[in-house]
Amino acid sequence: MLPLIILTHRFLLFLSNSISSEHGFMIPKTVLVTGGAGYIGSHTVLHLLLAGFKTVVIDNLHNSSQTSILRVKKLAGEFGNNLSFHKADLSDRDVLEQIFVSTKFDAVIHFAGLKAVGESVRRPLLYYNNNLSGAITLLEVMAAHGCKKLVFSSSATVYGWPKEAPCKEEFHLSAVNPYGRTKLIIEEICRDVCSSEQEWKIILLRYFNPVGAHPSGYIGEDPQGVPNNLMPFVQQVAVGKRPALTVFGNDYNTTDGTAVRDYIHVADLADGHVAALLKLDESNTGCEVYNLGSGKGTSVLEMVRAFEQASGKKIPLVIAGRRPGDAEIVYASTEKAERELKWKAKYGIDEMCRDQWNWASKNPYGYGSQEDSTD
Ligand SMILES: NC(=O)c1ccc[n+]([C@@H]2O[C@H](COP(=O)([O-])OP(=O)(O)OC[C@H]3O[C@@H](n4cnc5c(N)ncnc54)[C@H](O)[C@@H]3O)[C@@H](O)[C@H]2O)c1
Ligand SMILES: *[C@@H]1O[C@H](CO)[C@@H](O)[C@H](O)[C@H]1NC(C)=O
Ligand SMILES: *[C@@H]1O[C@H](CO)[C@@H](O)[C@H](O)[C@H]1NC(C)=O
Ligand SMILES: *[C@@H]1O[C@H](CO)[C@@H](O)[C@H](O)[C@H]1NC(C)=O
Ligand SMILES: *[C@@H]1O[C@H](CO)[C@@H](O)[C@H](O)[C@H]1NC(C)=O
């Protein structure tokens with residue numbers, strides 16, 4: 001009975017998505033994507049192109065390579081023509097103005113920002129300056145050009161150390177580091193902007209832990225330095241860049257003692273952005289927030305085992321003490337996104353690990369590892 005119910009549910013989701021897409025006039029046709037050369041941005045841009053959107057990317061390439069843009073263009077086939085790229089910093093108001101003068105945007109998706117948690121603790125002003133001024137300049141220029149629809153990448157980090165699982169959107173919010181605080185502040189700015197003027201429609205997406213890559217192995221995450229997150233670290237161990245994975249804490253109150261998180265395939269996350277854009281068009285509420293997660297909790301050891309299976313590589317482990325600041329169990333309630341965005345994650349951890357390994361083994365040095373010709 002259960003598979004049938006799931007099938008019917010999927011089918012209904014599919015139907016409702018395609019009905020709203022058929023009303024072409026309701027769909028934003030041209031989207032500006034800030035930070036579109038980055039990990040989540042590049043996958044989202046690909047899905048936008050394939051869904052028929054014209055897409056303009058602005059990225060300063062501080063933490064990414066233009067190679068990702070070239071590869072997205074290729075993966076998009078005939079739709080690749082609908083992608084254009086500007087190498088620029090968001091704080092450069094003149095460039096942003098020029099882009100808005102030359103193109104009329106229906107909506108903006110804002111990914112651009114610095115996201116290294118450790119660095120945000122050491123260099124808080126850099127983070128506040130880059131992230132807050134970038135977002136504010138963007139909102140001002142959008143307002144000046146009458147573009148008042150925004151999708152913003154927030155993060156599960158705004159739940160702080162949640163007392164309960166799963167995390168619901170209405171939980172109490174708190175910041176546990178400067179990175180989280182910039183997210184929280186930008187969320188608040190968005191709420192204020194929406195209450196100041198009815199025309200604004202903003203969707204805040206709180207991501208859980210994105211992993212995986214496009215199944216082609218052509219685009220993926222390009223970790224720089226010592227990764228802060230589990231899977232980029234595992235990936236570096238698997239390709240021989242690091243000797244072992246350090247597991248922080250095996251005495252948590254979980255099935256195997258290691259911390260539990262919600263991993264989500266980056267392709268599902270990308271689809272969540274397309275769903276959010278469609279929602280912006282039909283909704284009449286100002287500011288809405290949705291969790292984007294799989295809704296399932298997975299322990300560190302479960303994830304490592306799935307990766308070993310997918311890659312055939314042994315991941316040596318070093319067990320260390322708990323890392324200060326880490327929560328025990330965090331995963332998403334996905335009810336609101338399912339109900340209102342008609343979106344639900346399709347992939348499980350086996351597919352996440354398969355695609356992560358496919359990308360990592362083909363690109364052991366990330367985008368630096370091979371030349372891309374332009375043909
Ligand atoms: N990856 C995660 O685990 C995760 C989780 C929750 C939220 N997020 C958020 O999602 C967004 C995208 O994350 P990602 O993993 O794709 O990161 P990423 O570093 O791969 O992408 C961010 C992009 O923004 C660009 N950028 C940074 N500052 C800029 C500026 N001032 N002007 C123009 N471009 C600038 C970078 O060059 C990079 O290409 C970030 O805001 C991140 O905080 C990520
Ligand atoms: C996107 O590309 C396709 C295929 O080249 C083209 O038919 C379509 O008109 C383009 N869409 C936009 C909005 O330019
Ligand atoms: C750059 O991206 C990598 C890979 O996603 C990430 O580990 C790192 O924290 C990012 N650095 C900054 C400064 O955002
Ligand atoms: C900065 O803002 C970007 C874009 O909103 C976000 O993805 C990133 O996580 C933020 N980084 C910090 C340190 O707040
Ligand atoms: C451990 O978790 C179980 C079930 O999740 C709970 O019933 C129990 O009270 C927890 N123990 C401690 C010490 O928190």
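In what follows, every heavy atom counts, from backbone to side chain, and hydrogens, waters and symmetry copies are set aside. Atoms within each ligand, like the ligands themselves, are counted from 1 in listed order.
At a 3.5 angstrom cut-off on N or O pairs, Leu90 counts as close to ligand 1. In terms of polar-atom proximity, defined here as any N/O pair under 3.5 Å, Lys29 makes no such contact with ligand 2. An N or O contact shorter than 3.5 Å links His62 to ligand 1 by distance. Considering backbone and side-chain N/O of Tyr207, none are found under 3.5 Å from N/O of ligand 1.
Every atom of ligand 1 is numbered from 1 in the order shown, and the set under 4.0 Å from a heavy atom of Asn130 is 28 (N), 30 (C), 31 (N). Listed by number with element, the atoms of ligand 1 under 4.0 Å from a non-hydrogen atom of Leu61 are 37 (O). Heavy-atom contacts of Gly35 reach the following atoms of ligand 1: 23 (C), 24 (O) (cutoff under 4.0 Å). The ligand atoms of ligand 2 that sit less than 4.0 angstrom from a heavy atom of Asn82 are 1 (C), 2 (O), 3 (C), 10 (C), 11 (N), 12 (C), 14 (O).
Within the 4.0 angstrom cut-off, atom 14 (O) of ligand 5 has one or more protein heavy-atom neighbours. The protein does not reach atom 7 (O) of ligand 2 closely, with no heavy atom under 4.0 angstrom from it. For atom 3 (C) of ligand 5, the nearest protein heavy atom lies under 4.0 Å away. In this structure, atom 11 (N) of ligand 5 has a protein heavy-atom contact shorter than 4.0 Å.
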Q: Take Trp200 and Leu139 through the side-chain contact (heavy atoms from CB on, under 4.5 Å) test and state the conclusion after the steps.
A: CA-CA 10 Å; Trp200 276 97; Leu139 286 163; 3.8 Å; yes
Q: Please report the C-alpha distance between Val300 and Phe248 in whole Å, then the side-chain angles of each, then the deciding distance to 0.1 Å, and finally whether the side-chain contact (heavy atoms from CB on, under 4.5 Å) criterion is met.
A: CA-CA 9 Å; Val300 174; Phe248 296 108; over 6 Å; no
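Linking ILVMFWY residues whenever their side-chain heavy atoms come closer than 4.5 Å, directly or via other members, leaves Ile329 and Met303 in distinct clusters.
No side-chain N or O of Asn177 forms a donor-acceptor pair with one of Tyr127 less than 3.5 Å apart. For the 3.5 Å distance criterion, the side chains of Tyr128 and Arg181 qualify, holding a donor opposite an acceptor. Side-chain N/O atoms of Asp222 and Ser65 include no donor and acceptor closer than 3.5 Å.
Without hydrogens or angle criteria, Arg71 side chain to Tyr218 main chain gives a donor-acceptor distance under 3.5 Å. With hydrogens and angles ignored, the 3.5 Å screen pairs a side-chain donor or acceptor of Ser68 with a backbone N or O of Ala37. Side-chain atoms of His265 do not come within 3.5 Å of backbone N or O of Ala345 as any donor-acceptor pair. A side-chain donor-acceptor contact under 3.5 Å links Lys183 to the backbone of Ser153.
Selection from Ile40, Asp59, Asn229, Ile58 by nearest heavy atom to atom 25 (C) of ligand 1 gives Asp59. For the residues Ile69, Val95, Asn63, Val57, the heavy atom positioned nearest atom 19 (O) of ligand 1 is part of Asn63.
Here Ser91 has no heavy atoms under 4.0 Å from ligand 1, in either its backbone or its side chain. Contacts between Ser154 and ligand 1, counted as non-hydrogen atom pairs separated by less than 4.0 Å, involve the backbone only.
Ring orientation note: the planes of His273 and Phe111 are tilted relative to one another, at an angle of 30° to 60°.
Not a single heavy atom of Ala156 sits closer than 4.0 Å to an atom of ligand 1. The shell of residues lying under 4.0 angstrom from ligand 1, judged by heavy atoms, includes Lys183.
Looking only at heavy atoms of the protein, atom 5 (O) of ligand 2 is closest to Glu78 O, 3.1 Å. Looking from atom 1 (C) of ligand 5 to the surrounding protein, the closest heavy atom is Asn253 ND2, 1.5 Å.
No side-chain heavy atom of Val193 sits under 4.5 Å from any side-chain heavy atom of Lys148.
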